[in-house]
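First up is the structure itself, then whatever we jot down about it.
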Amino acid sequence: MNPPVTAPTPAHATTLEAPGAAGAPGAAESPEIPGAALAELARLTGTACPPDLRERIVTALAGGPAPLPAEAGLSDGHAVHLRLRRLAESLPGLQEVFSDTELLAEVGACAGAADPSLYMAALSHYILCAGSVLTLSGGDRPAPALARLEGARARGVFMVTEIGDASSHLAIRTTATFDPERREFVLHTPDARAAKFSAVAVLGLPQTAVVCARVLTGGRDAGVFSFAVELSDDDGVLVPGVHVSGPLSAHALPLAYAVVRFDQVRVPYADWLRDSADLDADGIPHDPLGTPDARLRRTLSVGQALWATLPTAMAAMARGAAVTTLRHSAHRRSHGRLAPGAPVLTYRTQQHAVLGAVAEAFALSCTAGTARDTWSAAHRPPEGTGALPARARADARMTFAPWSAVDRPLAAYKAFTVRETARLAASCQHRSGLAGFLDVNRLQSWQGFAHAFDSAGGDSTLIMLDTGRALATDDAPAESESESETGTPHHALSPADPAWWPAVTRALQRRLTADLRGALRARTEQGLEGLELWNPLLGRAQRLGEVYAHRLAAENLTAVVAAAEEPEVKQALPPLAALYGLLQAERLSGVLQSAGVLDASTVTALPALTDDRCDELTPHLPLLARAMALPDRLAPAPLGADAYAAALVEETAARANGTPHHATDRGRTA
């Protein structure tokens with residue numbers, strides 16, 4: 001084992017020591033890390049999934065996307081399906097997985113860290129497809145669909161996006177026309193614009209889709225519902241009337257995508273995921289939700305389970321990126337003339353970026369926990385069922401997209417965590433030099449996955465637009481002000497206080513909300529409405545939605561810091577939280593100054609305050625790195641090894657021989 005890496009002598013130098021092997025000649029002594037502190041940090045950053053079940057998941061995923069012998073000669077799509085089946089074998093049944101938020105989130109965290117393409121397949125299967133069946137089946141749960149999906153015997157996919165128009169979710173054109181004589185639906189794609197897009201270009205495999213379509217009956221438009229549709233039979237042969245294009249590639253998230261059209265495909269009545277709605281004997285619709293928008297919100301409510309658990313996967317990727325980059329920076333030497341041979345982590349700019357990534361990854365983990373808690377508390381299914389109640393406000397409006405109307409905080413958590421993770425991973429790539437862009441070091445796949453999900457799972461820009469619009473128009477002034485005025489004002493706090501950044505974001509949200517309301521009032525008085533009213537204000541609405549998400553994340557972080565109990569954790573987390581707030585304030589300094597929340601002198605002082613927090617955080621890096629690291633078996637990467645060059649060569653040789661291994665198990669820093 002290499003001796004501990006110690007930065008040069010300046011007071012700001014950073015040390016990340018390597019653990020010594022007991023009894024090994026010349027082994028380095030590392031600071032003792034209390035097990036209780038590690039356990040508490042693991043609890044604060046991870047899920048409540050039982051350890052034995054987590055171990056089964058990790059074992060099923062060990063080694064990540066590297067091909068197994070059984071996958072030799074298979075296409076990428078078939079290999080992903082084989083890995084999905086292997087993952088399913090480690091898990092309980094569909095209903096138990098879907099109804100257990102912590103388990104569902106753990107599956108996402110482990111699969112996302114190990115193999116982002118597999119995670120995309122898993123979330124489509126477990127959350128969007130099986131989740132829709134379990135949530136929206138009403139009294140006629142389609143047992144055939146569940147039976148095919150169980151154990152991933154058939155791969156489950158979800159089809160809502162139509163390729164021809166923006167915001168297609170608000171105007172779905174795929175139709176499901178009711179045939180009263182046969183009590184069946186006829187699923188049809190009216191033209192090329194209405195063709196669906198999904199990861200279904202894996203021919204030769206059984207696939208079942210949940211398809212969102214507009215129900216037409218007796219000349220009436222009954223609204224948008226989901227249908228469980230068999231795309232291909234047990235032998236993988238496409239069902240008559242289902243047309244799948246050739247594969248379309250997306251490098252950021254490699255899966256076998258395709259465009260799908262339906263030509264008069266018959267769907268049994270029992271496979272209509274009708275929820276509380278029904279058709280009488282004459283085909284007249286009866287829907288207790290009352291309005292098409294309410295029905296659309298309910299049909300798309302399955303997205304809530306995605307938004308509740310996706311942040312956990314994002315946080316796992318962020319922790320993996322931050323910790324491996326921290327370790328690499330502690331051992332990677334620079335030959336710049338200022339300090340030849342010094343570790344790159346000696347430099348302040350590197351500290352701000354890399355220690356900042358650790359702080360941001362921890363903050364994302366706190367937000368992920370809040371997202372899970374929000375979902376669990378509000379959507380706990382009745383005993384013995386997988387049905388979930390609707391959460392959206394009855395008066396929630398859909399303007400740019402349906403997502404914020406379905407669930408405002410969860411949609412905001414989704415948009416915020418994917419954007420922050422993509423930015424964090426990209427920064428870690430840059431700070432790792434060439435190594436950051438090599439696939440074997442994983443930063444590229446994590447960054448690509450997070451970046452792809454800026455549009456997938458509900459477009460993040462549209463989420464922020466609708467969130468800002470709703471804060472300014474749907475909420476009463478007293479309601480929105482009360483949620484952003486709690487706590488001590490920011491001007492009464494030091495920026496070194498973890499409570500400072502939440503107070504700043506509350507003040508900024510309040511100011512931006514008032515400004516947008518004033519602008520809307522003035523333009524409304526001019527007689528403007530619709531696009532004329534909103535077009536010049538869209539940037540303001542989007543910024544308000546983004547600040548709302550920043551506020552939620554800041555408050556989630558400080559709540560976790562306040563709840564810490566172990567002495568070592570109570571010492572480590574305040575500077576970590578303060579560092580997070582300072583770096584976020586610097587990124588948002590323009591809007592903070594233009595809104596009058598921070599003055600120029602405060603913004604000018606931020607870099608020096610960040611230096612101080614880095615120094616304060618340095619002694620706690622071994623604890624944080626150990627607690628936040630992903631299991632080596634789950635996401636092995638040479639980047640985190642003490643001797644990176646040797647580990648890279650060894651891993652590359654092993655992969656060339658078809659036996660990838662965990663080269664980073666040896667010489668790994670604490």
Side-chain angles (χ1 to χ4, degrees), residues 4-18 28-34 37 41 319 322-334 336 338-363 424 427-428 431-432 493-501 504 554 557-558 560-561 564 566-587 589 601-629 669-670:
V5 175
T6 305
T9 53
H12 60 265
T14 298
T15 300
L16 186 63
E17 294 185 324
E29 294 295 331
S30 65
E32 184 177 346
I33 300 178
L41 279 173
R319 293 196 303 274
V323 171
T324 55
T325 304
L326 173 65
R327 288 169 167 161
H328 186 58
S329 296
H331 295 288
R332 185 186 185 203
R333 298 196 174 276
S334 166
L338 293 178
V344 295
L345 199 56
T346 303
Y347 294 89
R348 283 301 193 189
T349 50
Q350 191 79 357
Q351 290 178 24
H352 289 194
V354 178
L355 273 63
V358 174
E360 291 158 9
F362 186 85
L424 181 154
S427 175
C428 287
R431 292 294 171 175
S432 298
L493 296 167
S494 164
D497 190 326
W500 176 77
W501 179 237
V504 169
L557 174 58
T558 52
V560 170
V561 172
E566 291 298 320
E568 295 82 2
V569 178
K570 290 172 70 71
Q571 292 174 14
L573 293 190
L576 191 73
L579 177 62
Y580 172 79
L582 291 167
L583 290 170
Q584 294 286 32
E586 191 167 4
R587 290 190 188 99
S589 59
S601 63
T602 301
V603 172
T604 302
L606 292 177
L609 291 166
T610 300
D611 289 346
D612 293 340
R613 299 292 76 71
C614 288
D615 291 343
E616 190 178 353
L617 191 59
T618 293
H620 306 293
L621 291 178
L623 168 63
L624 293 167
R626 177 79 65 84
M628 294 172 62
T669 47

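Note that these values count all heavy atoms, side chains included, but never hydrogens, waters or copies made by symmetry. Keep in mind that this is a model prediction, so the values were computed, not measured.
With a 4.5 Å cut-off on side-chain heavy atoms, Cys614 and Arg348 count as touching. The side-chain heavy atoms of Leu573 and Leu41, taken from C-beta on, include a pair separated by under 4.5 Å. Side-chain contact between Val323 and Leu624: absent, with no pair of heavy atoms (C-beta onward) separated by less than 4.5 Å. Side-chain contact between Ile33 and Pro622: present, with at least one pair of heavy atoms (C-beta onward) separated by less than 4.5 Å.
When all heavy atoms of Val561 and Ala577 are compared, the closest pair comes out as CG2-CB, 3.8 Å. Residue Ala554 comes nearest to Trp501 through the heavy atom pair CB-CD1, 3.5 Å, listed as atom of the first residue, atom of the second, then distance. Scanning all heavy atoms of the two residues, the minimum distance from Ala625 to Leu326 falls at CB-CD2, 4.1 Å. When all heavy atoms of Tyr347 and Ser334 are compared, the closest pair comes out as OH-OG, 3.9 Å. Taking every heavy atom of both residues into account, Pro574 and Pro498 meet most closely at O-CG, 3.5 Å. Among all heavy-atom pairs drawn from Val344 and Ser329, the shortest one is CG2-O, 3.4 Å.
Note that the CG atom of Leu355 and the NE2 atom of His620 stand 11.5 Å from one another [nearest 0.5 Å]. In this structure, CZ on Arg431 lies 12.5 Å from CG on Leu424, to the nearest 0.5 angstrom. Separating the CD atom in Gln351 from the CG atom in Leu621 is a distance of 9.0 Å, to the nearest 0.5 Å. Within the model, atoms CZ of Arg332 and OG of Ser432 stand 7.0 Å from one another, a figure rounded to the nearest 0.5 Å. With values rounded to the nearest 0.5 angstrom, Leu582 atom CG is found 9.5 Å from His352 atom NE2. The distance from atom CG of Asp611 to atom CG of Leu606, rounded to the nearest 0.5 Å, is 11.0 Å.
Remark: side-chain polar atoms of Arg613 are not paired, donor with acceptor, to backbone N or O of Leu579 under 3.5 angstrom.
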* Asked: When you look at Glu586 and Val603, which way does the side-chain contact (heavy atoms from CB on, under 4.5 Å) test go after all the steps?
  -> CA-CA 7 Å; Glu586 191 167 4; Val603 172; 6.0 Å; no
* Would you sort out whether Arg587 and Glu360 count as a salt bridge (Lys or Arg N to Asp or Glu O under 4.0 Å), showing the intermediate values? => CA-CA 13 Å; Arg587 290 190 188 99; Glu360 291 158 9; 2.6 Å; yes
